[in-house]
Amino acid sequence: MCVSVCVSRLMCLACTERPAGEASWGRLELAAVILVPSSLLCVGIMLGVCTAHGQRCIYSKARKCDAEEPLEDQTLMSPDKRLKDLIFDMSTSGSGSGLPLLVQRTIARTIVLQEIIGKGRFGEVWRGRWRGEDVAVKIFSSRDERSWFREAEIYQTIMLRHENILGFIAADNKDNGSWTQLWLVSEYHEHGSLFDYLNRYSVSVDGMVVMALSIASGLAHLHMEIIGTQGKPAIAHRDLKSKNILVKKNATAVIADLGLAVKHESITNTIDIPANYRVGTKRYMAPEILDDTLNMNSFESFKRADIYSLGLVFWELAQRCSVRGTCEDYQLPYYDMVPSDPSVDDMRKVICDQKLRPNIPNQWQSCEALRVMGKIMRECWYAAPAARLTALRVKKTVSQVTVIKDVKD
Ligand code: ADP
Ligand code: MG
């Protein structure tokens with residue numbers, strides 16, 4: 001504005017005809033009128049250029065740091081800190097939802113990848129090393145950014161940590177200049193998935209009970225809402241299967257792959273994401289998902305669908321339970337009823353129309369633990385979702401099997 005006023009003034013000065021009554025301009029005034037606006041113009045231009053340059057500097061610094069320099073954090077200064085200690089320190093002092101983001105980033109950027117250990121829906125899972133410890137790194141492609149973000153978000157739910165839920169360590173998005181690498185770092189379990197484990201080994205009766213109890217405990221914790229500041233929302237998994245359960249060194253299990261999970265906010269009675277229609281693995285889908293009658297308005301529906309899948313996982317486990325030296329070979333549920341990559345239609349015909357379920361062998365009746373496991377399975381597989389057991393009930397029933405066994409021993 002100031003500049004345009006001055007310019008019009010100058011134009012007036014240039015005119016030979018002056019408005020009547022206006023005083024004539026001295027040399028000093030003339031110089032001031034010309035110099036002040038032009039220097040203001042210069043300052044303005046310089047400021048503009050500098051700001052743009054400054055923004056570029058900050059941006060390129062971020063890129064540089066993104067690509068090369070992990071940010072060091074006080075927490076990681078002590079080189080003998082093991083991951084378990086770090087996570088313990090953080091979860092007891094912090095919000096209970098995991099390591100601070102800067103620490104996560106620093107850990108992720110100092111991991112050295114070793115070998116591929118799995119492939120799933122989203123890219124690859126690697127074994128990596130961090131300060132002499134093994135970790136698992138799930139690498140998402142950049143087009144699956146939403147899945148990476150979602151899984152990281154679920155794992156960082158307040159108070160989710162549990163001995164039977166995969167221990168989350170870090171999430172990191174690293175821009176290497178041409179593409180973005182999305183990492184999810186977790187505890188590494190050398191036995192791999194329950195699917196791999198059961199293909200390789202049979203389990204003793206005790207082993208089956210301990211494994212079943214750990215899976216039920218993990219699911220009960222996931223499903224449970226804990227109210228209060230140190231509470232957690234209820235979470236439904238929505239893709240429970242033997243490939244999404246990992247086996248620990250001590251032959252107990254952790255529930256993994258929380259990418260499709262949904263959380264329930266009980267105060268508003270809402271589910272945190274639009275619970276998209278029919279997700280999960282077809283073979284493990286509950287009848288109400290297959291025939292599209294699942295009640296989306298009730299969170300209980302999602303938990304009940306998980307319970308159906310839990311029954312199938314128990315069946316896979318019990319099949320491999322060795323009694324008097326014999327057991328079945330590993331088989332997927334419904335291996336004898338549907339093709340190898342079944343469609344929803346294939347599954348619906350068997351599960352909803354013919355109402356078939358995996359076979360529960362008669363021999364299971366002669367072993368108390370297997371008899372109880374068989375009964376639990378049936379009560380997880382009811383066509384009516386409301387009739388199924390809850391995860392907490394399954395956990396209690398399995399834990400009583402241990403008690404019966406202990407008493408007998
Ligand atoms: P996706 O979402 O792609 O299915 P998962 O998280 O289910 O990925 O992992 C795929 C496979 O990678 C698993 O079935 C398992 O064999 C292996 N895996 C994943 N996480 C770990 C881990 N923490 N330790 C050992 N193996 C793992
Ligand atoms: Mg998976």
Side-chain angles (χ1 to χ4, degrees), residues 83-84 87 98-99 104 107-108 111-130 133-156 160-172 181-201 211 214-215 218-219 222 235-262 273 276 279-285 306 309-310 312-313 316-317 330 332-333 341:
L83 278 168
K84 272 215 158 56
I87 290 165
L99 296 167
Q104 290 190 25
I107 292 174
I111 289 172
V112 182
L113 296 181
Q114 308 285 318
E115 58 175 334
I116 292 196
I117 51 170
K119 271 195 174 144
R121 246 172 320 145
F122 307 113
E124 296 159 347
V125 182
W126 286 69
R127 178 175 67 81
R129 299 282 286 174
W130 186 77
E133 286 184 71
D134 283 324
V135 290
V137 183
K138 186 164 166 178
I139 303 181
F140 295 69
S141 64
S142 31
R143 68 165 187 276
D144 292 323
E145 182 165 10
R146 281 173 60 162
S147 311
W148 164 80
F149 186 86
R150 177 64 183 165
E151 192 163 357
E153 181 183 54
I154 292 277
Y155 271 115
Q156 290 176 91
L160 180 65
R161 271 182 195 286
H162 185 274
E163 59 182 332
N164 304 117
I165 305 244
L166 179 61
F168 171 81
I169 298 169
D172 185 34
Q181 285 201 348
L182 303 166
W183 282 22
L184 210 83
V185 184
S186 66
E187 284 169 1
Y188 169 73
H189 297 292
E190 64 186 47
H191 284 310
S193 69
L194 179 63
F195 173 83
D196 296 331
Y197 187 84
L198 294 176
N199 267 284
R200 228 171 287 144
Y201 310 107
M211 184 77 82
S214 66
I215 300 168
L219 191 64
L222 204 61
I235 299 174
H237 189 287
R238 300 205 298 165
D239 195 17
L240 199 64
K241 58 177 179 177
S242 54
K243 286 185 181 164
N244 286 340
I245 294 172
L246 305 172
V247 178
K248 296 210 260 189
K249 260 205 191 92
N250 65 1
T252 63
V254 293
I255 295 178
D257 197 355
L258 299 186
L260 290 175
V262 284
I273 51 157
N276 35 356
V279 297
T281 306
K282 297 177 190 88
R283 186 181 294 275
Y284 289 81
M285 276 179 186
D306 277 352
S309 317
L310 175 73
L312 296 181
V313 171
E316 292 172 77
L317 174 63
Y330 173 80
L332 279 167
D341 184 15

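Each ligand, and each atom within it, is numbered from 1 in the order the structure gives.
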Practice task
Give me the protein N, O or S atoms that fall under 2.8 Å of the Mg ion (ligand 2), sorted by chain and residue number.
Solution key: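 Near the Mg ion (ligand 2), the protein supplies Asn244 OD1, Asp257 OD2.
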
I'd like the atom pairs linking ligand 1 to the protein - N or O on both sides, separation under 3.5 Å - with distances to 0.1 Å.
from: ligand 1; atom 1: 2 (O); to: Arg121; atom 2: NH2; distance (Å): 3.4
from: ligand 1; atom 1: 2 (O); to: Lys138; atom 2: NZ; distance (Å): 2.8
from: ligand 1; atom 1: 2 (O); to: Asp257; atom 2: OD1; distance (Å): 3.2
from: ligand 1; atom 1: 2 (O); to: Asp257; atom 2: OD2; distance (Å): 2.9
from: ligand 1; atom 1: 3 (O); to: Arg121; atom 2: N; distance (Å): 2.7
from: ligand 1; atom 1: 3 (O); to: Phe122; atom 2: N; distance (Å): 3.2
from: ligand 1; atom 1: 4 (O); to: Asp257; atom 2: OD2; distance (Å): 3.0
from: ligand 1; atom 1: 6 (O); to: Lys138; atom 2: NZ; distance (Å): 2.9
from: ligand 1; atom 1: 7 (O); to: Asn244; atom 2: OD1; distance (Å): 2.9
from: ligand 1; atom 1: 7 (O); to: Asp257; atom 2: OD2; distance (Å): 2.9
from: ligand 1; atom 1: 8 (O); to: Lys138; atom 2: NZ; distance (Å): 3.2
from: ligand 1; atom 1: 14 (O); to: Lys243; atom 2: O; distance (Å): 2.8
from: ligand 1; atom 1: 23 (N); to: Ser186; atom 2: OG; distance (Å): 3.4
from: ligand 1; atom 1: 23 (N); to: Glu187; atom 2: O; distance (Å): 2.7
from: ligand 1; atom 1: 24 (N); to: His189; atom 2: N; distance (Å): 3.0

Closer than 4.0 angstrom, basic N to acidic O: yes or no for [X] and [Y]?
| X | Y | value |
| --- | --- | --- |
| Arg121 | Asp239 | yes |
| Arg129 | Asp134 | yes |
| Glu316 | Lys241 | no |

Handout entry: Sole candidate of Asp196, Asn199, Leu317 that passes side chain to side chain contact (heavy atoms under 4.5 Å, CB included) when paired with Tyr330
Key =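 Testing Tyr330 for a side chain to side chain contact (heavy atoms under 4.5 Å, CB included) against Asp196, Asn199, Leu317 leaves exactly one candidate, Asn199.
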
Handout entry: Close side-chain approach of Val135 to Leu83, heavy-atom, < 4.5 Å
Key =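 Touching, per the 4.5 Å side-chain cut-off.
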
Handout entry: Beyond-backbone contact of Ile139 with Val125, side-chain heavy atoms, under 4.5 angstrom
Key =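 No - every pair of side-chain heavy atoms lies 4.5 Å or more apart.
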
Problem - Any donor-acceptor pair under 3.5 Å from His189 side chain to His191 backbone - result: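 Side chain of His189 to backbone of His191, a donor-acceptor pair under 3.5 Å: no, none is there.
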
Problem - Expected output: side-chain Gln104 to main-chain Ala171 donor-acceptor under 3.5 Å - result: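 Between the backbone of Ala171 and the side chain of Gln104 there is a qualifying donor-acceptor contact (under 3.5 Å).
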
Exercise for the section: Over 60° means perpendicular and under 30° means parallel, so classify the ring planes of Tyr155 and Phe168, tilted if in between. Expected result: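 Ring orientation, 0 to 90° scale: parallel.
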
